[in-house]
There are 2 protein chains.
Amino acid sequence: MSSSVATQTKPGRYHHGDLRNALLDAARELASEIGVDNFTLREVARRANVSPAAPYHHFADKRDLTRALAIEAFSKLTTALSNAKHKKHSPLEQLEQVGIAYVMFAFEHLAEFRFMFRRELCAEEGDFDPLETAGINAQAVLHNTVLEAQNAKQIIAENPQDIVITLWSVVHGLSCILLESPLSKTTTAKSAKNMAKSVVQLSIQGILAHRE
Amino acid sequence: MSSSVATQTKPGRYHHGDLRNALLDAARELASEIGVDNFTLREVARRANVSPAAPYHHFADKRDLTRALAIEAFSKLTTALSNAKHKKHSPLEQLEQVGIAYVMFAFEHLAEFRFMFRRELCAEEGDFDPLETAGINAQAVLHNTVLEAQNAKQIIAENPQDIVITLWSVVHGLSCILLESPLSKTTTAKSAKNMAKSVVQLSIQGILAHRE
DNA sequence: CAACAGAACTTGACATTGTTTAGATTCTAG
DNA sequence: CTAGAATCTAAACAATGTCAAGTTCTGTTG
């Protein structure tokens, strides 16, 4: 998307034009090729055709670059969840859609997903942390849907936070398993979606207001 | 435990005695201090009082060392789950215990837990992978309990694999959230256990055989 | 018991990495 | 047009993963 735009700005020039985004694009690409853990800042710079020190004019250090990617990924996730939600009208159906969308986002944005949940990227205690708020925003989509489903008496009136955590846990857990477990080497997008659906439906069963 | 034994074998000698275990101990310790991602092989060697090249006589490379830690951690998890299970007799109660034990294991063995789920540690497709079997063993505890609960007609007769994945997802997801999310900086063991209990109970609600 | 084979280490080296410092180049206000 | 800020390069540093070549120990065999 923005990658083609950002990366190819006047190759010969001294000033790159939009190096910050070019670096982000290169990092995303590199991480999806060789893994989030062994990607190097120097190679990112190399791919953007700049010197190894150039990134330091746009990011404090390597950690700061990956943090920017994580924030960006969280905001993508937020819109993905929000889009999925608004495909349905009933809060209960929305709950299901949001859950499935979470897993599919992880499946489709593998590399970015791995950037998102890393304790070491967070700011120090007390500092304002944009990464933290990005995460909270994503979670808010689920949280609101739970509240709406409760208001519509479609699910039990238990402490909403407990319900949010349960649902978030189950979709996040499935995502991690799909991405990291060796069991899942052969998983296709279709079977991932089926698993997501079945897991989400089973979880929702436990919080339904009317037991048939 | 074994650390004190393994680490302190005749400090002056050329041959360490049990360097392999000493390295594993040092790596575990170091990882829990500075994180799984930035721990270095050289520092591990330093702590075991050997040269930087010494580890290569016991492990193929850094990855191989961490793989050994992951396998070891999986086997610890297996016994933790198994112990938790056998505290109760009813399969349904066992299911709950196993779920809670999973989360508590993650909480108490933070560093080791982070070693366990990393795709890059797996062997190549087709090769026999001890890490994979270690993971399967741990999952088997949950799997068996689900089967037993189904046989006892305590939970629905749905495809057992779906139920296993749902339960595994929810406890794994909660574990990841507790460990990686910035939201959880202040979580105590007690509140972790409470969350685990509530999340597991809600999930089990969805698969109960008798809906009152 | 002696000598030898192999295992367990060390030394020293290499390419690569993250990061810093100093300097060069280009852009942009005034 | 020009000063100063923004953006980049070049060169260097310590540290890392890893390897090849030696060194020292240990157990086995004659």
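Chain letters run A, B, ... following the sequence lines, proteins first and then strands; every chain starts at 1.
Nearest-nucleotide mapping onto DNA chain C: of Ala53(A) and Pro52(B), the residue sitting toward the 5' end is Pro52(B). Of the two residues near DNA chain C, Arg42(A) and Ala54(B), the one whose nearest nucleotide lies more 5' is Ala54(B).
Between the P atom of dA14(D) and the CD atom of Glu43(B) lies a distance of 18 Å, rounded to the nearest Å. Straight-line distance from the CG atom of Leu41(A) to the C1' atom of dG18(C): 7 Å, rounded to whole Å. dT7(D) atom C1' lies 15 Å from atom CZ of Arg20(A), rounded to whole Å. Rounded to whole Å, the distance from OH on Tyr56(B) to P on dA13(C) is 18 Å. As a whole-Å value, the separation of Phe59(A) CZ from dT20(C) P is 16 Å. Between the CG atom of Leu30(B) and the C1' atom of dA15(D) there is a distance of 14 Å, given to the nearest Å. Protein atom CZ of Arg46(B) is 5 Å distant from nucleotide atom P of dT16(D), rounded to whole Å. Between the NE2 atom of His57(B) and the C1' atom of dT18(D) there is a distance of 12 Å, rounded to whole Å.
With respect to the salt-bridge test (charged N to carboxylate O, under 4.0 angstrom), the residues Asp129(A) and Arg67(A) do not qualify. Between Asp37(B) and Arg119(A) there is no salt bridge, since no side-chain nitrogen of the basic residue lies less than 4.0 Å from a carboxylate oxygen of the acidic one.
Ring-centre distance between His109(A) and Phe113(A): not below the 6.0 Å cut-off.
Between Tyr102(A) and Trp168(A), the two ring planes are perpendicular [angle over 60°; tilted spans 30° to 60°].
Within 4.0 Å (heavy atoms only), Thr40(A) reaches sugar-phosphate atoms of the nucleic acid but no base atom.
Close to dC8(D), at under 4.0 Å from its OP1 or OP2, lies a side-chain N or O of His58(A).
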